[in-house]
Amino acid sequence: MPELPEVETVRKTLKQFVLNKTIDDVKVYWPNIIKKPDDVEEFKQLLRGQSIVDISRRGKFLLFQLDDYVLISHLRMEGKYSVHQAIESVKKHTHVLFTFTDGKELRYNDVRKFGTMHIYVKGEEMSDKPLNQLGPDPFDPAFTLEYLYQKFKKTERIVKSVLLDQTIVAGLGNIYVDETLFRAGVHPLKKSNKLTKKEVQKIRKQAILTLEEAVEQGGTTIRSYVNSQGEMGMFQQELFVYGQENEPCKKCGNAVIKLKVGGRGTHICPSCQKE
DNA sequence: TTTTATGTTTCTGG
DNA sequence: GCCAGAAACATAAA
């Protein structure tokens with residue numbers, strides 16, 4: 001579900017609720033979510049007594065900064081965090097539950113159980129997976145025109161696949177790639193190494209702008225996304241093509257169409273985005 | 001009832 | 001190295 005703007009919104013809302021709380025205990029109802037350490041009992045043991053010092057974000061990953069460790073959480077398609085009183089009943093899709101010393105609970109809910117969690121000793125998280133292969137965030141000064149142009153230049157892959165590739169740039173997913181390519185006027189099937197520098201500059205600029213606007217709007221809610229306060233995003237009102245199949249293009253009036261690109265549903269305006 | 005699609009990522013076979 | 005397809009799962013819509 002969540003791409004960079006949704007994860008950023010979760011980060012901000014969640015931080016208000018759990019900052020400076022101390023973990024008393026942890027329950028894990030679906031162990032497959034825990035990827036590191038291998039042993040779930042060790043996962044729990046590492047967290048006991050740790051306080052949440054900060055929550056940061058890298059690409060689509062949330063980073064719970066603890067006293068001695070970093071808990072890296074990826075929401076994949078349906079992951080959500082919510083804060084409860086211990087007395088509230090635990091839902092069917094709650095798979096990890098953190099109890100705080102003040103009696104409140106942080107619950108990780110994930111209908112499809114695709115989410116992941118890793119724990120690293122603070123300072124070691126960037127040199128191993130899942131964070132070590134990530135490209136720059138779009139907001140990172142390292143995400144320059146020259147950087148992106150060089151990456152595009154050396155691959156025959158279609159541009160949509162490259163933008164979805166988190167080792168190139170971290171944070172774009174299916175919605176924002178479609179929106180970025182529409183705004184840049186580039187067809188998703190175009191080979192990356194065929195793009196002119198001007199087109200690459202447009203893609204870069206629109207990627208950054210689109211994500212910035214989406215963060216301001218609290219993300220995009222198409223079907224199930226809500227932040228940690230249970231609030232929906234508002235950016236769906238600003239979408240040009242994603243989910244707009246058969247609707248008139250907001251720029252030219254022609255019908256938006258949906259195709260399959262790299263196995264993903266892909267929305268374009270065929271007259272604004274020529275192949 | 002059955003099939004298809006879903007905001008993600010990773011693995012396998014060709 | 002790249003692509004297609006499947007897999008990890010559950011659910012709502014067609």
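Just the heavy atoms: all of them, side chains too, but no hydrogens, waters or symmetry mates, feed the values below. Residue numbers start from 1 in every chain, and the chains themselves are labelled A, B, ... in the order their sequence lines are given, proteins ahead of strands.
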Q. Does OP1 or OP2 of dC3(C) have a side-chain N or O of R157(A) closer than 4.0 Å?
A. yes

Q: Assign each of L164(A) and R112(A) to its nearest nucleotide of DNA chain B by heavy atoms, then name whichever residue's nucleotide is nearer the 5' end.
A: R112(A)

**Q.** Distance, nearest 0.5 Å, that separates OG1 of T220(A) from CD of E179(A)
**A.** 8.0 Å

**Q.** Between S82(A) and S228(A): side-chain donor-acceptor atoms closer than 3.5 Å
**A.** no

**Q.** Phosphate contact (dT6(B) OP1 or OP2) by K258(A) side-chain N/O below 4.0 Å
**A.** yes

Q. Between dA5(B) atom P and D178(A) atom CG, what is the distance in whole Å?
A. 15 Å

(Q) Give me the distance, rounded to whole Å, that separates dC9(C) from dT2(B) when you measure between the P atoms they each carry. (A) 22 Å

Q | Side-chain N or O of K92(A) closer than 4.0 Å to phosphate OP1/OP2 of dT11(C) | A | yes

Q) NA contact type, K129(A), heavy-atom cut-off 4.0 Å: base, sugar-phosphate, or nothing? A) nothing

**Q.** Members of residues 26-36 of chain A that approach DNA chain C, where some heavy atom sits under 4.0 Å away
**A.** W30(A), N32(A)

Q) Would you say a side-chain N or O of Q166(A) is under 4.0 Å from OP1 or OP2 of dT8(B)? A) no

(Q) Categorize G173(A) for me: base, sugar-phosphate, or nothing, with a 4.0 angstrom heavy-atom threshold over every strand shown. (A) sugar-phosphate

Q. Are Q150(A) and E146(A) close enough that a side-chain donor and a side-chain acceptor fall under 3.5 Å?
A. yes

Q: Give, for atom CZ of F100(A) and atom NZ of K21(A), the distance between the pair rounded to the nearest 0.5 Å.
A: 7.0 Å

Q: Give none if dC11(B) has no partner; otherwise give the nucleotide forming a Watson-Crick or G-U wobble pair with it, both distances under 3.5 Å.
A: dG5(C)

Q: In plain terms, say whether R107(A) and E88(A) are close enough for a salt bridge, that is, a side-chain N and a carboxylate O under 4.0 Å apart.
A: no

(Q) In whole Å, measure the gap between the P atoms of dG1(C) and dT8(B) for me. (A) 24 Å

**Q.** Pairwise C1' distance, dA8(C) and dT1(B) [rounded to whole Å]
**A.** 25 Å

Q) Reckon K60(A) has a side-chain N or O less than 4.0 Å from the OP1 or OP2 of dT9(B)? A) yes

Q.
If I take atom CD from residue Q45(A) and atom CD1 from residue I119(A), how far apart are they, to the nearest 0.5 angstrom?
A. 10.5 Å

Q. Between T266(A) and K258(A), is any side-chain donor less than 3.5 angstrom from a side-chain acceptor?
A. no

(Q) Is the phosphate of dT8(B) approached by R264(A) (side-chain N or O, under 4.0 Å from OP1 or OP2)? (A) yes

Q: Output yes when at least one side-chain N/O atom of T155(A) is less than 4.0 Å from OP1 or OP2 of dC2(C), else no.
A: yes

Q | Integer-rounded Å distance: dA10(C) P and N109(A) CG | A | 15 Å

(Q) Looking at H93(A), I'd like to know whether one of its side-chain N or O atoms comes within less than 4.0 Å of OP1 or OP2 on dT11(C). (A) yes

Q) So, Y225(A) and E231(A): side-chain donor and acceptor under 3.5 Å apart, yes or no? A) no

Q) Can you check whether H74(A) has a side-chain N or O nearer than 4.0 Å to OP1 or OP2 of dT9(B)? A) yes

